[in-house]
2 protein chains.
Amino acid sequence: MATTPRQRPQRTDRPSAAPTTPSPESSASAPTPATTPATTPATTPGVTPAVGATIYSVAERAGVSIATVSRVLQGRAVVSEATRQKVLEAVESLHYVPLGAARSLAVRHHEAYGLVIPELTGPYYSELLMGFETRAAELGQSVILLLANGKSDVPGAVGHLATRVDGIAVLGSAALPPTLARALRGRKPVVVIAGSSPHVPGGDSVELVAAENVHSAEQLTAHVLDHGRSRLLYVGDPDPAPDISERYAGFVAAHAARGLVAAEPVRVPFRESEGVAVADRILSGELEADALVCANDELALSIMTRLQDAGRDVPGDIAVVGWDDVMTSRYVRPGMTTVRQPVHELGVLAAERLHQRVDGAAPLPAPVLLPTEVVLRGSCGCPTP
Amino acid sequence: MATTPRQRPQRTDRPSAAPTTPSPESSASAPTPATTPATTPATTPGVTPAVGATIYSVAERAGVSIATVSRVLQGRAVVSEATRQKVLEAVESLHYVPLGAARSLAVRHHEAYGLVIPELTGPYYSELLMGFETRAAELGQSVILLLANGKSDVPGAVGHLATRVDGIAVLGSAALPPTLARALRGRKPVVVIAGSSPHVPGGDSVELVAAENVHSAEQLTAHVLDHGRSRLLYVGDPDPAPDISERYAGFVAAHAARGLVAAEPVRVPFRESEGVAVADRILSGELEADALVCANDELALSIMTRLQDAGRDVPGDIAVVGWDDVMTSRYVRPGMTTVRQPVHELGVLAAERLHQRVDGAAPLPAPVLLPTEVVLRGSCGCPTP
DNA sequence: CTGTTAGCGCATTCAC
DNA sequence: GTGAATGCGCTAACAG
């Protein structure tokens, strides 16, 4: 077996330093006329050289082996202070930037997590993302963001994402999870955020984290009923999003607890323009209600404002409550009664669970639920401070 | 040189299929008792196997070479329909997910761009990110997000990021660019968003894209002056952010154009609480003004609301204008006069320029400037519709 | 404390 | 149209 060992072929930018020529220091400058210091590569100034320094060039420059370079860069093994300095200098003068892909290949980890969300309008997604990125970074992981809305081939995009991450977190409030489950077939750990168990296929490799919805929705609805309102309408479409449907369930439950039967939901998308349309249907008499429980604040705000502009009194004529506690809800008059979710924590939790899973932990059998908080302001009928 | 060619060592999960044994179909199932179909790997159900399928296992399963597998997966070279199907079936049954890192190493491209922003509160960063991600995705690039705020070692984080992307976009409205320039030393293409030339070192490899500030700030200020206001105050700290300083320059210019001299800026950070504090200084008489030109909407909104709560009339007693046109600015009464920036387009442009640069294009010598738009509502003194 | 040596999994010439 | 061989740059045993 003592055949010629595999020997790295000579690279164009590296002189053929034969192993029989152990010139200790700058063997790189040998073939080059020693006019300019080797620090400046012979490229047009201001232009990134086509190929950067590698661990080999650094090792050569420092007069050590690539293993040693790797050691000082990883900071793992012990290296003598002298050689460490030589290496660091070489790194510096060569402007060495390691190639992440090569490391990933060697360590068999991408050291990155994917996050799939529909878009980024409103504070919900942003806070989620901030929580996720923050925790992921603490755990030494990069985050690759995939915005699903507007992508023509979401399954394809998710598949591509799977190619470069160790795990994926996905927002359940969309048609994403089924798509994703199909695209992944359990090959990567998945954490579904704000989804609900029945909606998530491929269940054995996915895990759920969410904010509590049913109970707080019931609580909020009960509060509105306590204000003496009797004709409540739920505004929002429970079908596509598990969390919205859970909130509607709470709405129904609050009615049932008093022997009342809840009205069917007013199914509209989450757009401000839709809120205006709903308000108009109320103004025209098509819809009758003395209180509106809206699936989110955007809807609630646009409805309330439109109603007010048309001369209706909120909450006098009609109460309006939302969900999410966006900034605007603090600024409008009356203040919007709403529910605050621990969205940031949800992101943190998702990153955390993903990390556990990638580390080999089994998925938690039951979803992790984070508590929410009802925020009472004026729009529900509470006295304004 | 006819020594033993380098031969892939046998992997534990791959049987030693000697080249002399060209069993066409399922050579993989040979050593295994053919009880269960080879589709199901012998791992505990529901648990991701420690190591997934590789291009080798797919090739073996399909009875072709890895080159052919690569061809059908890349869709580049022509492959006969028959073999293409065999490969696709193998991919399917093996649940093959390619390893992005290996591809990156081979093609010598990460196919990913980094985006560095301070945080994600408010619509500005979100829209920027959406524009950036959308365009990057269209260009076949992933985006790795780095949130700088709260990171203890930003230069380190940026350096790490540089390890795994082909180029980096960074928001200039922060102390980021210098840090970044130092961390990168021109080894990767960089696009600075909303920065200003003098603030950006390492200029030869960086490029600037921004929204126009000076002129629109001058225009907005002139408009306020046209309302008959004479004691204007600029609220916000021009120092740390180039765009804020440019807006102040416009503020000053508008005064100068009428032979007036602008007051020194009221230097406060961009927090709502700071706005409240500024309002209190006005209420107490410490600050005197009949109009406030604020560096952004958050500041303007919190000031205006506080003033109103204290019984002041906006714009009667004092006009307040902002910058950014956030959602709340449409909802408050009076509506907030502000300036709308093409933030989404800024993100798109950044991704686009980065792509050009990675493709080898030289950085544009002059910054690309996108036009902004003054949005007149009631808070400046204009009649409310 | 340091160097040698194999791979990691994929894309890619070349041959055929 | 297909296969064999090679290298991308790095980490990690394994020797010394």
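Numbered from 1 within each chain, the chains take letters A, B, ... in sequence-line order.
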Is there a salt bridge (charged side-chain N to carboxylate O under 4.0 Å, His left out) between A:Arg135 and A:Glu138 once you walk through the steps? CA-CA 5 Å; A:Arg135 190 67 187 116; A:Glu138 288 171 2; 2.5 Å; yes

Counting side-chain heavy atoms from C-beta on, which of C:dC8, D:dG7, D:dA12 comes nearest to A:Val107? D:dA12

For C:dG3, does OP1 or OP2 lie under 4.0 Å from any side-chain N or O of A:Thr68? yes

Selected nucleotide, minimal atom distance to B:Arg71 side chain, candidates C:dG9, D:dG3, D:dT11: D:dG3

Gap between atoms CG and C1', on A:Leu105 and C:dC10 respectively (whole Å): 8 Å

Does any N or O in the side chain of B:Arg353 come within less than 3.5 Å of the main-chain N or O of B:Ala169, such that one atom is a donor and the other an acceptor? no

Does D:dG9 have OP1 or OP2 sitting under 4.0 Å from an N or O in the side chain of A:Thr54? no

Check the distance between D:dG9's C1' and A:Gln74's CD and give it to me in whole angstrom. 13 Å

Would you name the heavy atoms of A:Ile55 and A:Ile66 that are closest together and state the gap between them? CD1-O, 3.6 Å

Choosing from C:dT2, D:dA12, C:dA11, which nucleotide comes nearest the side chain of A:Ala67? D:dA12

Less than 4.5 Å apart, side chain to side chain, heavy atoms only: is that true for A:Arg103 and A:Gln74? yes

Sugar-phosphate, base or nothing in reach of B:Ser70, heavy atoms under 4.0 Å: base

B:Arg108 side-chain N/O to D:dC8 phosphate OP1/OP2 under 4.0 Å: no

In whole Å, I'd like the distance from the CZ atom of B:Arg103 to the C1' atom of C:dA11. 8 Å

Students often get this wrong, so: under 4.0 angstrom with heavy atoms, is B:Val64 touching a base, only sugar-phosphate, or nothing? sugar-phosphate

Gap between atom CD1 of A:Ile144 and atom CG of A:Leu115 - 0.5 Å precision: 11.0 Å

To the nearest angstrom, how far is A:Tyr56 atom OH from D:dT11 atom C1'? 10 Å

Can you check whether A:Ser104 has a side-chain N or O nearer than 4.0 Å to OP1 or OP2 of D:dC10? no

Interatomic distance where CD belongs to A:Glu60 and C1' belongs to C:dG3 [whole Å]: 15 Å

Rounded to the Å, how far apart are A:Ile66 CD1 and D:dG9 C1'? 8 Å

Would you indicate which nucleotide in D:dC8, D:dA12, D:dC10 comes nearest to any side-chain atom of B:Ala106? D:dC8

I need the CD-P distance between B:Glu111 and D:dC8, as an integer number of Å. 18 Å

Among D:dA5, D:dT11, D:dG9, the one nearest any side-chain atom of A:Ala102 is D:dG9

Identify whether any heavy atom of B:Thr83 sits under 4.0 Å from a base atom; if not, whether one sits that close to sugar-phosphate; answer base, sugar-phosphate or nothing. sugar-phosphate

Send over the distance from B:His110 NE2 to D:dC8 C1', rounded to a whole Å. 12 Å

